[in-house]
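Inspection log for the structure reproduced underneath, given as structure tokens.
Lettering of chains follows the sequences in order, A, B, ..., and the numbering in each one begins at 1.
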2 protein chains.
Amino acid sequence: MELSERKLKILLAIVDDYIATGTPIGSRTLSRMWGGAYSPATIRNEMSDLEEMGLLQQPHTSAGRIPSDLAYRLYVDRFLNVPRLTDQEAQTIRSYYRFRMGEIEDVMAATAHVLSQMTDYVGMILAPQLDNVTVSQIRVIPVTRGRALAVLVTSEGIVKDMFFQIPPNMDDRHLEMMSNALTDLMRGKSLDEFSVACEKLKEELGVGAEVFDALLGTVRKSTAPVRSVVFDGHQNLFKHPEYSNVERARTFLATIDSRDVFYNMLSQTNNMEITISIGRENEHESLQDSSVVTATYRIGGHSVGSFGVVGPTRMDYARVLSVMEQISAALNEILSGSEV
Amino acid sequence: MELSERKLKILLAIVDDYIATGTPIGSRTLSRMWGGAYSPATIRNEMSDLEEMGLLQQPHTSAGRIPSDLAYRLYVDRFLNVPRLTDQEAQTIRSYYRFRMGEIEDVMAATAHVLSQMTDYVGMILAPQLDNVTVSQIRVIPVTRGRALAVLVTSEGIVKDMFFQIPPNMDDRHLEMMSNALTDLMRGKSLDEFSVACEKLKEELGVGAEVFDALLGTVRKSTAPVRSVVFDGHQNLFKHPEYSNVERARTFLATIDSRDVFYNMLSQTNNMEITISIGRENEHESLQDSSVVTATYRIGGHSVGSFGVVGPTRMDYARVLSVMEQISAALNEILSGSEV
DNA sequence: GTTAGCACTCTATCTGGTTGAGTGCTAACA
DNA sequence: TGTTAGCACTCAACCAGATAGAGTGCTAAC
């Protein structure tokens, strides 16, 4: 069936209204909204068509219509205009970052918080991942007999500490040499090349083969995907009638707390600027009546992690995208401040 | 009024029953429970006295009685016996820690998770604090022109990284000297003495006064209280009728998300083994119908942080304390494994 | 193609009645 | 004096029936 101009007008009006009010919209309401330009009966006919096309749904026979996932998808893909935030709101966002932001944990907490505060949905952010980064420094520090600390600094300014075993009789100067040689070899390179560098140095230096193995082992372990996800705004759930049903709120919170689901979603978006996943488009069952919007953030030009919000499919997508755009800017700026 | 043996028996029966079932207990129920040893009327008289003493409350005229905060306090202080967990349950707790626990964040997440899983309340843990620790190593690593990384290792095995400014023309060997001299001076000492050490070295070495200042500044900032608190088990709220009221659930979640409240509670318990705060004993208004149980955890003998659960005043205190005892043991063991 | 009219559907809300658990009080009892 | 039986009363929870309101689909007329 053709999606005529009028059908589209009706559909978009329903989407807008439903996003704003959360109640199903009937033909009379629409007719009045346009000052009677079309009669309720006409609108009913069109609505009926739209329902057949899978764009509208009826919660029950005598309720108005609500948009389907497909309608939101159409709306988001083709008719969403994302307004710029007012200067004042942009300012508000910045103000959330005005406190000590020395550590990535602080930045993550602030981001999740401002996301939830500005959107009234649940905000979340994934910790920066260590794949895809380049090395700036590798330093090995003897700590006690038989134990050393490796400090890895990436060119993005991310620091990673890793303890590992060394032979008890290891000479401190050897560790010093290792540090220098490794840093020379690896500077500007990806971590993927770490094992090659280790092999090479094993031969060249002719000492401490087992130290390189231990170091390689700990680096491998520590640069495995970082599964840390921070959430904020759990209480926002209750601002939306969708979750006022206790059982639904409970499953939703359980999904958040299990973290796996969102870790997967957030880590899969690494190459896309913005992803919107609506209702049944979500793989995970307990999210099939929610929408998830995610975006990546960068440190020093590299996309290293992502953040986003999750809320009902009846989400104010325009608002969410505006806010996320602004937060993305603030975030990239703050994180690149610590660039090395 | 005297708290006779029989009154006490009735009170404790009500506390136990209410904790188990969550419904008010009436005189008939109690009378039947004891096979009619006392008639309902007698029990009613006693209950009336207990109510006058502030130990019982009535939700409404024709409901049974429920314990007051004061009753829980009495119960917890004088009549609580904390059963040991079964070996199987102890084993279950350990199993939560079987995965990669390389970083403190992992340990925190696992602890919050097991707390909530084993108790059905909300679990939480505060990150280790850096006051009260002793220094094992301080290392300064040049990163780029004008920028260096200080790595602080405590004798408990906590590592802290801090970037700071150095003069662009700073010689790497000077940084090396600084590292060695600082480590020599500070090893085994508390961080409080760091500024003294800096002053001393400033004079002795005769170079880099401004570097010491910058270093001191960043250390001060980085060792400020760590406000990171991890929560788990939000969905457990709904397992308890106390929070099935949406408004109460919302305020509760809001309190959790603001973090401040719990940061304060968790950081104030640093010297006490276990703290139990019941209902109106809680300073914060939104917790006045909840209870908070916290305990400290240690790394290498020092009490560095705390963890706990929060739930309704009608909390299974015995269960919570059993679980926390076991988790405490597991936690101390795991964290001291990384001791230097 | 559009509209008016009409019978119908479904939810939400209000009402009143019933049930069950529990209380406080009084008077009788040991 | 402490304990108990009896009784009138209270309150929340539940159920059933009535009503109002919003909205629909269908048909026939414009």
Practice prompt. Grab the CD-P distance between A:Gln58 and C:dC8 for me, whole Å please.
Written response: 18 Å

Discussion item. Within the 3.5 Å criterion, strictly below it, is a donor on A:Tyr121 or A:Ser291 matched to an acceptor on the partner's side chain?
Written reply: no

Item to complete: For residues B:Val15 and B:Phe79, determine if any side-chain heavy atom of one lies less than 4.5 Å from a side-chain heavy atom of the other.
Response: no

Item to complete: Could you tell me whether the phosphate oxygens of C:dT2, OP1 or OP2, come under 4.0 Å of any side-chain nitrogen or oxygen in A:Arg6?
Response: yes

Worksheet item: Taking CE from B:Met47 and P from C:dC25, how many angstroms apart are they, rounded to a whole number?
Response: 16 Å

Item to complete: Round to a whole Å and report the spacing from CG of A:Leu50 to C1' of D:dT24.
Response: 15 Å

Worksheet item: Can you tell me the Watson-Crick or wobble partner of C:dA27, both distances under 3.5 angstrom?
Response: D:dT4

Discussion item. To the closest 0.5 Å, what do you measure between CD (A:Gln57) and CG (A:Leu50)?
Written reply: 12.5 Å

Item to complete: Ignoring backbone atoms, test whether B:Arg28 places a side-chain nitrogen or oxygen under 4.0 Å from the OP1 or OP2 oxygen of D:dA5.
Response: no

Item to complete: Identify whether any heavy atom of B:Ser48 sits under 4.0 Å from a base atom; if not, whether one sits that close to sugar-phosphate; answer base, sugar-phosphate or nothing.
Response: nothing

Worksheet item: Do the two ring centres, one from A:Phe231 and one from B:Phe231, sit under 6.0 Å apart?
Response: no

Discussion item. Whether A:Arg250 engages the ring of B:Phe238 as a cation-pi pair (distance to the six-membered ring centre under 6.0 angstrom, angle to the ring normal within 45°) should be assessed.
Written reply: no

Fill in: Qualifying residue, where the test is side chain to side chain contact (heavy atoms under 4.5 Å, CB included) with B:His234 and the options are A:Ile256, A:Leu253, A:Leu237
A:Leu253

Worksheet item: In whole angstrom, what separates A:Asn45's CG from D:dA28's P?
Response: 15 Å

Discussion item. Which is more 5' along DNA chain C, the nucleotide nearest B:Thr29 or the one nearest A:Tyr38? Just name the residue.
Written reply: A:Tyr38

Practice prompt. Scan B:Ala63 against the nucleic acid and name what it touches under 4.0 Å (heavy atoms): base, sugar-phosphate only, or nothing.
Written response: sugar-phosphate

Response to the item:
Here the distance between atom P of D:dA22 and atom CD1 of A:Ile43, to the nearest Å, is 17 Å

Worksheet item: Would you say D:dT24 has OP1 or OP2 under 4.0 Å from some side-chain N or O of A:Ser27?
Response: yes

Worksheet item: Starting at CD1 of A:Ile10 and ending at P of C:dT2, how long is that distance when rounded to a whole Å?
Response: 10 Å

Practice prompt. Give a yes or no on whether a donor-acceptor pair under 3.5 Å exists between the nucleobase atoms of D:dG25, that is its base, and the side chain of A:Arg44.
Written response: yes

Practice prompt. Measure the distance from CD on B:Glu46 to C1' on D:dT1 and round it to the nearest whole Å.
Written response: 14 Å

Item to complete: Take the protein atom CG of A:Asp49 and the nucleotide atom P of C:dT2, then report the distance between them rounded to whole Å.
Response: 11 Å

Discussion item. Before you tell me yes or no, could you show the steps for B:Tyr96 and B:Thr111 under side-chain hydrogen bond (donor to acceptor under 3.5 Å, both in side chains), namely the whole-Å CA-CA distance, both residues' side-chain angles and the distance that decides it to 0.1 Å?
Written reply: CA-CA 8 Å; B:Tyr96 280 91; B:Thr111 305; over 6 Å; no

Output a table of nitrogen or oxygen pairs between the protein and nucleotides 9-18 of chain D separated by less than 3.5 Å.
residue	atom	partner	partner atom	Å
D:dT10	O2	B:Ser62	OG	3.2
D:dC11	O4'	B:Ser62	OG	3.2
D:dC11	O2	B:Ser62	OG	3.0

